[in-house]
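Structure, as structure tokens:
These values consider heavy atoms only, across backbone and side chains, with no hydrogens, waters or symmetry-generated copies.
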Amino acid sequence: MSKFEKKFSKYAIPNLSLYLIIAYVIGYVIELAAPEMYYFLQFNPYMIFHGQIWRLITWILVPPESLGIFVIIMLFLYYSLGRGLEQTWGTYRYNVYMFSGFLFTIVGAMILYVVLLILYNANLLPSYILSEMLAYGTISPGDFFGQIIGWCVSTYYINMSIFLAYAFTYPDEQLLLYFIIPVRIKWFGYLYVGYLIYNIYNAFRNRSVIIGIITAVLIFVSLLNFLIYIIFGKNKARFNPKQVKRRKQYRQSMKHAQKNTYENGARHKCAVCGRTELDDPNLTFRYCSKCSGNKEYCQEHLFTHEHK
């Protein structure tokens, strides 16, 4: 990763989460303005093998859910989480995480399509597949499997990988449930994992074995970037969460110092004796890392004060 980062980091796209949301907005506009064109954006291996190769990219424009107030809130949440991960990992590594999620989904879906065709032609799939094909209005196995896989392929689980990665990186950060109840994000992460298991179970129970298998495989490949991050990448971010927190606190302290400049004309003030650089230009001031808030001390009291 380090060698590739030195060579290719200049090509990384800053603020990638914003561009993903813009892609969704374009998808919503196309869905409302030209529904007949919207179909040609969706992922479909059968159509891709028949020349419609643009579907390898345009499926990213297809929003994971129908537009609504809840979806808008979730998109803002994913944008915020994505920005947090980009600041922690660095732009290049966040790009690798996101694009690998797209790539794993595409490759996994195409391999799954080919495997299903091979199994069908070898008569290794259940006989009821034929009746399901007829129910979909087609007797072509390629067209049938292409439609089913295309229906299951979505950026929904890639977005979920953003949430899971953030929950794994910052487990003690809090979200407000119903905008009121503070809950640590790691518990939402556990809830997401349970929801994934339920989705797979529901696909097997309410639809069919073949759709259950497709759903399980696509969920796995869509979250493969997250699994790789857990195994290999957690401790190799550009900044770890504690460093990011210290940088944030430092910036807040500097803003506080700037605010004091405008209030009393001094940049620094000792929290013990109250002296500023205006009282003695030779004084040196430092912030205490063990005290809460933005407490600053002169050199005489930096190591002798009582921590608060």
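Scored by the ring-ring contact (aromatic ring centres under 6.0 Å, His included) test, Y79 finds no partners at all (sequence neighbours excluded). Looking at residues two or more places apart in sequence or on another chain, you find no ring-ring contact (aromatic ring centres under 6.0 Å, His included) involving F102.
When side chains are defined from C-beta on, Y46 does not count as touching Q147, because their heavy atoms never get closer than 4.5 Å. Side chains of I60 and Y24 form no contact here, defined as non-hydrogen atoms less than 4.5 Å apart. Residues N15 and T91 are not in side-chain contact: their nearest non-hydrogen atoms beyond the backbone lie 4.5 Å or more apart. At least one side-chain heavy atom of Y38 sits under 4.5 Å from a side-chain heavy atom of Q42. At least one side-chain heavy atom of L56 sits under 4.5 Å from a side-chain heavy atom of I106. Two residues are said to be in side-chain contact when any heavy atoms from C-beta on lie closer than 4.5 Å; C270 and F285 meet this criterion. The shortest side-chain heavy-atom distance between V153 and L218 falls under the 4.5 Å cut-off. Within the 4.5 Å cutoff, the side chain of T284 has no heavy atoms near those of the L302 side chain.
The distance between the ring centers of Y120 and F144 does not fall below 6.0 angstrom. The distance between the ring centers of F163 and Y192 falls below 6.0 angstrom.
Closest of all the heavy-atom pairs between L164 and V193 is CD2-CG2, 4.3 Å.
Annotation for F76: atom CZ does not count as buried by contact number, only 12 or fewer foreign heavy atoms lying within 6.0 Å. Enclosure of atom CH2 in W187 is not indicated, since only 12 or fewer non-hydrogen atoms of other residues, nucleotides or ligands lie within 6.0 angstrom. By the 6.0 Å contact criterion, CD1 on I72 is enclosed, its count of non-hydrogen atoms from other residues, nucleotides or ligands being greater than 12. Around atom CD1 of I53, no more than 12 heavy atoms belonging to other residues, nucleotides or ligands sit under 6.0 Å away.
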Next on the checklist: Pair Y287, Y297 - check ring pair (Phe, Tyr, Trp, His ring centres under 6.0 Å), show working.
Outcome noted: CA-CA 6 Å; Y287 289 99; Y297 301 91; 9.0 Å; no
Next on the checklist: Run W89 and Y229 through ring pair (Phe, Tyr, Trp, His ring centres under 6.0 Å) and show every step you take.
Outcome noted: CA-CA 11 Å; W89 297 347; Y229 165 61; 4.8 Å; yes
Checklist entry - Given the rule in the side-chain hydrogen bond (donor to acceptor under 3.5 Å, both in side chains) test, do H268 and E277 qualify, once you have shown the distances and angles that lead to the verdict? => result CA-CA 6 Å; H268 309 285; E277 74 273 16; 5.4 Å; no
Checklist entry - Going through the distances and angles, do Y170 and T88 end up as a side-chain hydrogen bond (donor to acceptor under 3.5 Å, both in side chains)? => result CA-CA 10 Å; Y170 297 99; T88 302; 2.3 Å; yes
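Looking only at distances, no side-chain donor or acceptor of S222 sits under 3.5 Å from a matching main-chain atom of I219. With hydrogens and angles disregarded, a donor-acceptor distance shorter than 3.5 Å links the side chain of N95 to the backbone of I13. With hydrogens and angles disregarded, no donor-acceptor distance shorter than 3.5 Å links the side chain of N44 to the backbone of G150.
Between H307 and H305, the two ring planes are perpendicular [angle over 60°; tilted spans 30° to 60°].
In this structure, I26 CD1 and T58 OG1 are separated by 12.0 Å, a value rounded to the nearest 0.5 Å. Rounded to the nearest 0.5 angstrom, Y156 OH and S161 OG are separated by 12.0 Å.
A salt bridge links R93 with E5: the distance from a Lys NZ or Arg NE/NH1/NH2 to an Asp or Glu carboxylate oxygen falls below 4.0 Å.
A chain of hydrophobic side-chain contacts below 4.5 Å, direct or via other Ile, Leu, Val, Met, Phe, Trp or Tyr residues, connects I228 to Y166. Placement of L32 and I22 in two distinct hydrophobic clusters is found when ILVMFWY residues are connected by side-chain heavy-atom separations under 4.5 Å, directly or transitively. Two different hydrophobic clusters hold I57 and F40 under the rule that ILVMFWY side chains link at heavy-atom gaps under 4.5 Å.
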